[in-house]
Amino acid sequence: MPELPEVETVRRVLKKSLVGKRIKDIDIRYNPIIENDTNSFKENVIGKEIIDIARYGKYLMFCLNKGFILSHLRMEGKYFYMKEKMDNKHIHVVFYFDDDSILYYQDVRKFGRMQYLDGDIYNIPPLSLMGPDLVLNNDISIIDLYNKIHKSNKTIKQLLLDQGIVAGLGNIYVDEVLYASHISPKKKGDKITKRNIEDIIKESKRILSKAIELKGTTIRSYTSSLGVIGGYQDFLQVHTKIVCPNCKMTLNRVKIEGRMTYYCKKCQRWGKWRR
DNA sequence: ACTCCTTCCTGGAAGC
DNA sequence: TGCTTCCAGGAAGGAG
């Protein structure tokens, strides 16, 4: 399940190979992956050159000499770039380049999406609707974030998963950030303090940067994306863990709004002004 | 305008 | 052993 560090890792790998390549043809084998009409997607993309690969939150952006392909990997989306032909039933989109190299998009659960967009990409949906990227944005406003979170009575876990509030966190790293910030995932937005927000931003930056350094987290991953195996799983403190690394108490494993959540009831107390 | 619920999809695990 | 059922999970879209 790629979150910000995994998408950033994919971006770095793809950027090395793909910049300067011209798209000669596209094979779309499963139409729902493409959010545009498939014919107009092809018309817009074939013949274009990839000039850069960027990222915002969990979105990967193939910047073309005109327009962009915005790609979201969701749960299982993976890119494979190679000179050789490959085939399996989970490859849904294939990009052929003018130098006869090939980019395969594989997605076991078919949840991933991609679309062609043109214009001021950051000022049109979906990117215009997103909160600040936790890694790209070095100047996230504590007060703006506090205002957004403080007026809600949803849980902080749910709020941090909302990409409109902050961009990049998914289920794994939210648990890690809340643990590091000593905040219960069940704490409601209107009980969150400015100090909590500062901790969340600081810990998010620390954890996500470290995870990027280690090329992301690989758990329950049968195939490594592009042969890249992440190393951050060795640094996870609570997600998928049994015992709190700090107090050694058994961790709570509960569902919060449908998401499996790991936390330490003792070290992440809510209602108390631990922080 | 907000929140909650359902849908998408598959392989692997669990249950019988 | 082999079949069936359950479940995870990000985000969109519908319902209330």
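Being a predicted model, the structure only gives us computed values, none of them experimental. Order of the sequence lines fixes the chain letters, A, B, ..., with proteins taken first and strands second; residue numbering starts at 1 for each chain.
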### Message
Counting only side-chain nitrogens and oxygens, does A:Lys58 get under 4.0 Å of the OP1 or OP2 atom of C:dA11?
### Response
yes

### Query
So, is A:His90 close to the B:dG11 phosphate, meaning a side-chain N or O under 4.0 Å from OP1 or OP2?
yes

### Task
For A:Lys89, report the nucleic acid contact type (base, sugar-phosphate, nothing); a contact means any heavy atom under 4.0 Å.
sugar-phosphate

### Message
Is the phosphate of C:dG9 approached by A:Lys255 (side-chain N or O, under 4.0 Å from OP1 or OP2)?
### Response
no

### Message
Assess whether a salt bridge exists between A:Asp52 and A:Lys15, defined as any Lys/Arg side-chain N lying under 4.0 Å from an Asp/Glu carboxylate O.
### Response
yes

### Query
OH of A:Tyr105 versus C1' of B:dC9: gap in Å, rounded?
12 Å

#### Entry: salt_bridge(A:Asp107, A:Arg74) N-O dist < 4.0 Å
no

### Query
In whole angstroms, how far is the C1' atom of B:dC4 from the CG atom of A:Leu159?
14 Å

### Query
A:Leu169 has an atom CG; how far is it from atom C1' of C:dA11, in whole Å?
15 Å

### Task
Calculate the interatomic distance between A:Arg74 atom CZ and B:dT10 atom P; express it in whole Å.
15 Å

### Task
Mind checking A:Arg259 for me? I need base, sugar-phosphate or nothing, with any heavy atom below 4.0 Å counting as a touch.
base

### Summary
Side-chain atoms of A:Tyr30 come closest, of C:dG9, B:dC8, B:dC4, to B:dC8

### Task
Take the protein atom CG of A:Asp162 and the nucleotide atom P of C:dG10, then report the distance between them rounded to whole Å.
13 Å

### Query
Whole Å only: how far is the CD atom of A:Glu257 from the P atom of B:dC2?
17 Å

### Task
Classify the nucleic acid contact of A:Gln163 as base, sugar-phosphate or nothing, counting any heavy atom under 4.0 Å across all strands shown.
sugar-phosphate

### Message
Taking 4.0 Å as the cut-off, does a side-chain nitrogen or oxygen of A:His72 come that near to OP1 or OP2 on C:dG10?
### Response
no

#### Entry: Interatomic distance where CD1 belongs to A:Ile165 and P belongs to B:dC2 [whole Å]
11 Å

### Task
Kindly state whether the pair A:Phe111 / C:dG10 counts as stacked, where counting means centroids closer than 5.5 Å and planes tilted less than 30° apart.
yes

### A:Ser71 versus A:Tyr79, side-chain donor and acceptor atoms under 3.5 Å
yes

### Task
Looking only at side-chain atoms of A:Tyr59, point me to the closest of C:dA12, C:dG9, B:dG11.
C:dA12

### Message
Check this for me: does any side-chain nitrogen of one of A:Lys85 and A:Asp87 sit under 4.0 Å from a carboxylate oxygen of the other?
### Response
no

### Task
Grab the CZ-C1' distance between A:Arg109 and C:dA11 for me, whole Å please.
15 Å

### Message
What I'd like to find out is whether the side chain of A:Lys66 reaches to under 4.5 Å of the side chain of A:Asp118, using heavy atoms alone.
### Response
yes

